[in-house]
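Let me begin by presenting the structure, written as C-alpha cells, before commenting on it.
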Amino acid sequence: YMGHFLSVYFFFAMRLLRATFSSARNHWRWQSSHAEQPRILVTGALGQIGTELCRQLRTTYGNGNVIASDVKLPQKAFLKSGPFIYVDVTNYHTLAQAAVEHSIDWVVHNSSIISVAGEANPPLSMNVNIEGARNVLQLGREMGLRVLAPSTMGVYSPESGRHVKEDAILKPKTIYGICKIFLEQLGVYYHNKYGVDFRCLRYPGIISHETLPGGGTTDYAIHMIWAALQSGHYVCPLEPDEALPMMYMSDCLNGTCQFLSAPEELLGQRVYNVAAMSFTPRELAAEIERHIPGFSVEYQIDPVMQGIASSWPDTMDDSAARDDWHWKPEYGTKELVEDMLDRVSERLERSHEELSSTRKDPMNQSYSV
C-alpha cells in the first residue's frame with residue numbers, strides 16, 4: 001500500500017509541478033509580449049487628429065500603453081478610454097517628467113497652433129510650435145525616443161509650384177508654415193547629429209466626421225458638408241476654384257500609424273509628403289449636390305483664409321512615401337463625400353433623438369454653472 005501511495009503522490013506532485021511551470025511560462029510570455037509593446041506619449045491629444053489617433057493607437061498597442069496629454073481638460077468619455085495627463089509642451093520639465101514616469105518609448109507630437117489661429121496670434125504660435133518642437137526633440141535625444149511630429153503643406157508657397165515634392169522651394173507665408181519648417185529642419189539636425197529617430201509627415205487638409213475643426217484653412221470642406229445636411233446652403237470663405245490637397249481622417253490615421261511603426265531601414269528620408277486627393281470648393285459642392293439636390297453655395301471671400309489658401313499648392317507628390325514604406329490612401333473625393341454624409345447624418349440624427357428625449361423628460365437634464 002505504501003508503494004501505491006507513493007506512486008499516486010508522485011503522479012499528482014508531477015502534475016502540480018508541470019501546471020506550475022506552465023502557468024509561470026504563460027505568465028512570462030504575457031509579460032514579454034506586454035513588454036514588447038511601445039509606450040507612446042501623444043501631445044495635443046485633444047485636437048482634431050489627436051483624439052482619433054489615440055483611439056487607433058490604443059486599439060493596436062493597448063489602452064494603458066498610449067498616454068494622451070494636452071493643456072485642455074478632456075471630456076469624461078475620453079478620460080475613460082485610457083490614461084490622460086496634463087502636459088504643457090512649452091515646459092521641458094513637465095514634458096520630461098511625463099516621459100520618465102510613464103516609461104515612454106515613442107512620442108507623437110501633435111501639439112500645434114494651426115494656420116488661421118496662428119495668424120490671429122503669432123506670438124502664441126511661435127511659443128507653442130517652436131518651443132514645443134525644441135523640447136520634444138531634446139527629450140528624444142536624452143531618452144532615446146522615437147519622435148513623430150506632423151508638419152503641413154503650409155511649408156510650401158507660390159515659389160514651390162502648384163504640384164510639389166518634398167525638395168521644393170520653401171518660402172511659407174504664414175507663421176504656422178514658418179514654425180513647421182523649423183520643426184522639420186531641427187528634427188533632421190537631431191537625427192543627423194544625435195541619432196534621434198525623427199519622423200515627419202507633411203499633411204494636407206484633414207477632413208473628419210468626428211472631431212470638429214480647429215481653425216484651419218481647409219476646414220471649409222467640413223463646414224460645407226455639415227451645412228449641406230443642416231440647411232442646404234453654405235457660405236464659402238474661399239474662391240470657388242481654389243484647389244487644395246485633402247485627405248480623409250481614416251487615411252490620415254492609417255498612414256500615421258503605418259509610418260510610426262515602419263522599420264527605420266525603410267526610411268530613405270525623414271520628411272515625407274502624404275496626400276490622397278485634391279478638389280476645389282466648386283468641385284466639392286458638385287459632389288455633395290449629387291446626394292443632396294438643390295444644395296447651394298454662396299461665396300463670400302475671407303481675405304485672410306483666401307490669402308493662406310492661395311499660397312499653398314494644388315497637389316502634393318507623395319511618391320516617396322508610396323515607394324519607401326508603401327503608403328496608399330483608400331479614399332478619393334467621391335468616397336469621402338459619401339462616407340462623410342452618412343456619418344454626419346447619423347450624428348445629427350442621434351443629437352435630435354437625445355434632444356427630443358431630454359425635452360420629454362424634464363428630470364433628465366444637466367445644468368452647468
Side-chain angles (χ1 to χ4, degrees), residues 37-55 57-58 61-74 78-79 81-114 117-118 121-152 175-176 178-201 203 214 256-257 259-261 270-271:
Q37 297 288 0
R39 302 271 295 171
I40 307 170
L41 175 67
V42 180
T43 71
L46 299 182
Q48 182 188 17
I49 296 174
T51 303
E52 297 184 51
L53 181 61
C54 283
R55 183 190 309 139
L57 288 171
R58 284 169 173 165
Y61 299 106
N63 285 2
N65 287 323
V66 179
I67 315 301
S69 71
D70 211 310
V71 293
K72 297 184 290 186
L73 298 179
F78 190 83
L79 278 175
S81 68
F84 176 87
I85 56 176
Y86 181 95
V87 171
D88 179 357
V89 296
T90 66
N91 185 321
Y92 180 78
H93 297 292
T94 60
L95 188 64
Q97 182 179 5
V100 171
E101 290 182 352
H102 294 275
S103 303
I104 296 302
D105 302 299
W106 299 351
V107 177
V108 180
H109 179 49
N110 275 348
S111 292
S112 185
I113 306 296
I114 59 178
N121 194 338
L124 176 64
S125 181
M126 286 186 284
N127 187 39
V128 173
N129 296 348
I130 292 178
E131 191 65 16
R134 190 188 71 82
N135 287 340
V136 167
L137 287 166
Q138 182 62 21
L139 183 68
R141 174 194 175 187
E142 295 187 2
M143 293 188 62
L145 308 179
R146 176 174 297 178
V147 176
L148 189 156
S151 184
T152 169
I175 193 64
Y176 178 53
I178 292 167
C179 291
K180 286 301 185 179
I181 287 182
F182 174 85
L183 161 71
E184 294 181 5
Q185 294 299 311
L186 191 65
V188 172
Y189 175 84
Y190 266 71
H191 171 72
N192 293 337
K193 189 172 180 66
Y194 304 118
V196 174
D197 185 359
F198 170 72
R199 304 172 180 216
C200 183
L201 295 176
Y203 287 147
T256 300
C257 292
F259 184 52
L260 177 63
S261 62
R270 290 289 141 182
V271 180

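For the single chain, residues carry numbers from 1 onward in sequence order.
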Non-neighbouring partners of Asn135 that pass side chain to side chain donor-acceptor pair (under 3.5 Å), sequence neighbours left out: none

Thr152: side chain to side chain donor-acceptor pair (under 3.5 Å) partners, not counting sequence neighbours: none

Pair listing, salt bridge (charged side-chain N to carboxylate O under 4.0 Å, His left out) test, anchored in residues 192-201, at least two apart: Arg146-Asp197, Asp197-Arg199, Asp197-Arg270

For Asn91 and Thr94 the tightest heavy-atom approach is O-OG1, 3.0 Å

Tell me, please, which residues at least two apart from Glu184 pass salt bridge (charged side-chain N to carboxylate O under 4.0 Å, His left out). Arg202

Using the ring pair (Phe, Tyr, Trp, His ring centres under 6.0 Å) criterion, which residues pair with Phe84? Sequence neighbours excluded. none

Tell me, please, which residues at least two apart from Ser112 pass side chain to side chain donor-acceptor pair (under 3.5 Å). Asn129

Which pair of non-hydrogen atoms, one from Gln37 and one from Asn65, has the smallest distance, and what is that distance? CB-ND2, 3.5 Å

For a 4.5 angstrom cut-off between non-hydrogen side-chain atoms, does Leu260 reach Leu57? yes

With Leu124, which residues qualify under side chain to side chain contact (heavy atoms under 4.5 Å, CB included), at least two apart? Ile113, Asn121, Val128

When rounded to the nearest 0.5 Å, the distance separating CD of Gln97 from CG of Leu95 is 10.5 Å

If you define the side chain from C-beta out and look only at heavy atoms, does anything of Leu41 sit under 4.5 Å from His102? no

Is any side-chain heavy atom of Leu53 closer than 4.5 Å to one of Cys257? yes

Would a 4.5 Å heavy-atom cut-off, applied to side chains only, mark His109 and Cys200 as touching? no

Who passes ring pair (Phe, Tyr, Trp, His ring centres under 6.0 Å) against Tyr86, sequence neighbours left out? none

By side chain to side chain contact (heavy atoms under 4.5 Å, CB included), Thr51 pairs with (sequence neighbours left out) Phe78, Thr211

Nearest heavy-atom contact between Asn63 and Pro83 is O-CD, 3.2 Å

Those residues at least two apart in sequence (or on a different chain) that pass ring pair (Phe, Tyr, Trp, His ring centres under 6.0 Å) with Tyr92 are none

For the backbone of Val42 and the side chain of Ser69, can you confirm whether one donor and one acceptor N or O come within less than 3.5 Å of each other? yes

Could you go through the side chain to side chain contact (heavy atoms under 4.5 Å, CB included) check for Ser125 and Cys179 one step at a time? CA-CA 8 Å; Ser125 181; Cys179 291; 4.2 Å; yes

Using side-chain heavy atoms (C-beta onward) and a distance below 4.5 Å, is Leu183 in contact with Phe198? yes

With sequence neighbours excluded, tell me which residues meet side chain to side chain donor-acceptor pair (under 3.5 Å) with Thr256. Tyr203

How many angstroms lie between OG in Ser151 and OH in Tyr176, if you round to the nearest 0.5 Å? 7.0 Å

Is there side-chain contact between Glu101 and Ile85, with heavy atoms separated by less than 4.5 Å? no

CG (Leu145) and CG (Asp105) are apart, to the nearest 0.5 Å, by 7.5 Å

Could you pull out all residues at least two apart from Glu131 that satisfy salt bridge (charged side-chain N to carboxylate O under 4.0 Å, His left out)? Arg134

When rounded to the nearest 0.5 Å, the distance separating CG of Leu201 from CG of Leu148 is 5.5 Å

Output for pair (Ile40 CD1, Ile104 CD1), nearest 0.5 Å, gives 8.5 Å

What is the minimum heavy-atom distance between Met126 and Ile175, and which atoms define it? CG-CD1, 3.6 Å

Kindly give the heavy-atom pair with the smallest separation between Arg39 and Gly64, and that separation in Å. NH1-O, 2.5 Å

Looking at Ser261 and Trp106, what are the two nearest heavy atoms and their distance? CA-CH2, 4.2 Å

